[in-house]
Amino acid sequence: MRVFSAANLAILLSLPLHNPSFWALATCAIAALCEGIMSGSGVKSRFAEVRLPKGAPRLWSWAVIGGAYYVLFFFLLRSILAEPSTPFWTSVTLTLTAVLLIANASWNWIFFRGKNLWLSLVFFVPYFLLALTLAGVLHHVRNPLSTWYAFYLAYLAYASWWAYRVWQLNCGSSKMP
């Protein structure tokens, strides 16, 4: 009969610390939770109160897009953590990814809670530059997901256009210059 020792317990407790999938999933779950908190409970009513461009995705489509975003970032984080290139580039890549996840949640606060369409549009400039920087680093370290990440950059071009059109269609709003 085996005795369960403190050493065995320590091994079991430390397993997630060495599991890239665990940390990638935990990071994406925390980021999604922050995004939900920053968006608030009035997402549906916010979409109802602003005029949207013709052909704009419906609310459920945005949920699918958000799900795809977190799937991409899960696999991206897992690949960064599973096969770190060098300590320096791994730190840079993880930092850029974390800042991008935080910025994404922040945009939701600006658009949904702050109800500032102008700032939500302007926010795309530093966000896109950050996303491009991450793309460059992913390419530099030859991350296998850098090609998939390029699709996210293409989506950001659409999202920027969408934000511009929403701002343009609602330019009578009180929170715009």
Side-chain angles (χ1 to χ4, degrees), residues 24-80 93-140 143-177:
L25 183 61
T27 302
C28 288
I30 290 167
L33 178 65
C34 288
E35 184 177 342
I37 291 169
M38 298 288 260
S39 298
S41 60
V43 172
K44 191 174 183 178
S45 64
R46 178 69 174 144
F47 270 101
E49 72 186 31
V50 295
R51 292 188 351 211
L52 299 172
K54 288 183 182 179
R58 300 204 185 278
L59 185 56
W60 67 266
S61 300
W62 288 112
V64 171
I65 291 167
Y69 170 85
Y70 285 110
V71 167
L72 171 65
F73 276 83
F74 166 78
F75 285 110
L76 182 63
L77 282 164
R78 191 177 77 167
S79 72
I80 295 165
T93 309
L94 289 173
T95 300
L96 288 170
T97 303
V99 172
L100 201 62
L101 289 167
I102 292 165
N104 183 59
S106 300
W107 182 90
N108 282 275
W109 185 89
I110 294 166
F111 185 83
F112 292 108
R113 288 194 185 220
K115 298 185 178 187
N116 191 327
L117 297 177
W118 173 247
L119 187 56
S120 71
L121 170 62
V122 172
F123 195 81
F124 273 99
V125 174
Y127 188 90
F128 194 72
L129 291 174
L130 180 64
L132 277 175
T133 303
L134 179 57
V137 171
L138 291 172
H139 178 74
H140 176 77
N143 186 288
L145 289 165
S146 62
T147 302
W148 284 103
Y149 183 78
F151 287 112
Y152 178 62
L153 295 178
Y155 159 76
L156 281 179
Y158 167 76
S160 299
W161 172 85
W162 180 88
Y164 172 74
R165 288 293 294 143
V166 169
W167 171 75
Q168 195 176 43
L169 290 168
N170 297 275
C171 63
S173 178
S174 63
K175 293 229 177 188
M176 291 189 223

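Ring geometry for Phe111 versus Trp162: interplanar angle of 30 to 60°, hence tilted.
For Phe75 and Tyr149, the gap between ring centers reaches or exceeds 6.0 Å.
Within the structure, the side chain to side chain donor-acceptor pair (under 3.5 Å) test picks out the following pairs touching residues 59-74 (sequence neighbours left out): Glu35-Tyr70. Judged as a salt bridge (Lys or Arg N to Asp or Glu O under 4.0 Å), the pairs with a partner in residues 47-70 (not counting sequence neighbours) are, in order, Arg46-Glu49, Glu49-Lys115.
For His140, the ring-ring contact (aromatic ring centres under 6.0 Å, His included) criterion is met by Trp89, not counting sequence neighbours. Partners of Tyr158 by ring-ring contact (aromatic ring centres under 6.0 Å, His included), not counting sequence neighbours, listed by chain and number: Trp161. In this structure, Phe74 has no ring-ring contact (aromatic ring centres under 6.0 Å, His included) partners at least two apart in sequence or on a different chain. Residues that satisfy the side chain to side chain donor-acceptor pair (under 3.5 Å) test with Ser39, not counting sequence neighbours, are Asn108.
A pairwise comparison of heavy atoms in Ala131 and Leu100 identifies N-CD1, 4.0 Å as the closest pair. Leu145 and Ser79 get closest at one heavy-atom pair: CD1-OG, 3.6 Å. Listed here is the closest heavy atom pair of Leu117 and Trp167: C-CD1, 4.1 Å.
One distance of note links OH of Tyr127 with OG of Ser160; it measures 10.0 Å at 0.5 Å rounding. Here the straight-line distance linking atom CG of Leu119 with atom CH2 of Trp109 works out to 8.5 Å at 0.5 Å rounding. Atom-to-atom distance recorded for Phe112:CZ and Ser45:OG is 9.5 Å, nearest 0.5 angstrom. Once rounded to the nearest 0.5 Å, the distance linking CG of Leu121 with CZ of Arg165 reads 12.0 Å. The distance from the CG atom of Leu72 to the CZ atom of Phe151 is 10.5 Å, given to the nearest 0.5 Å.
Side-chain contact between Leu76 and Leu138: present, with at least one pair of heavy atoms (C-beta onward) separated by less than 4.5 Å.
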* To do: Please assess Leu77 against Cys28 for the test side chain to side chain contact (heavy atoms under 4.5 Å, CB included), listing each intermediate value before the final yes or no.
  => CA-CA 9 Å; Leu77 282 164; Cys28 288; 4.1 Å; yes

* Asked: Should Phe123 and Phe128 be marked as a ring pair (Phe, Tyr, Trp, His ring centres under 6.0 Å) after you check the CA-CA gap, both sets of side-chain angles, and the distance that decides it?
  -> CA-CA 9 Å; Phe123 195 81; Phe128 194 72; over 10 Å; no

* To do: Give the C-alpha distance, both sets of side-chain angles, the deciding distance and a yes or no for side chain to side chain contact (heavy atoms under 4.5 Å, CB included) between Asn143 and Val137.
  => CA-CA 9 Å; Asn143 186 288; Val137 171; over 6 Å; no

* To do: Tell me, with the steps shown, if Leu169 and Leu52 meet side chain to side chain contact (heavy atoms under 4.5 Å, CB included).
  => CA-CA 7 Å; Leu169 290 168; Leu52 299 172; 5.7 Å; no

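Although no hydrogens or angles enter the test, the distance criterion places a donor-acceptor pair under 3.5 Å between the side chain of Asn170 and the main chain of Val166. Using a distance-only test at 3.5 Å, with no hydrogens or angles considered, a donor-acceptor pair links the side chain of Trp107 to the main chain of Ser120. In this structure a side-chain-to-backbone donor-acceptor pair under 3.5 Å is present from Arg113 to Met38.
Checking Leu94, Leu101, Thr95 one by one against Thr97, the side chain to side chain contact (heavy atoms under 4.5 Å, CB included) holds for a single residue, Leu101.
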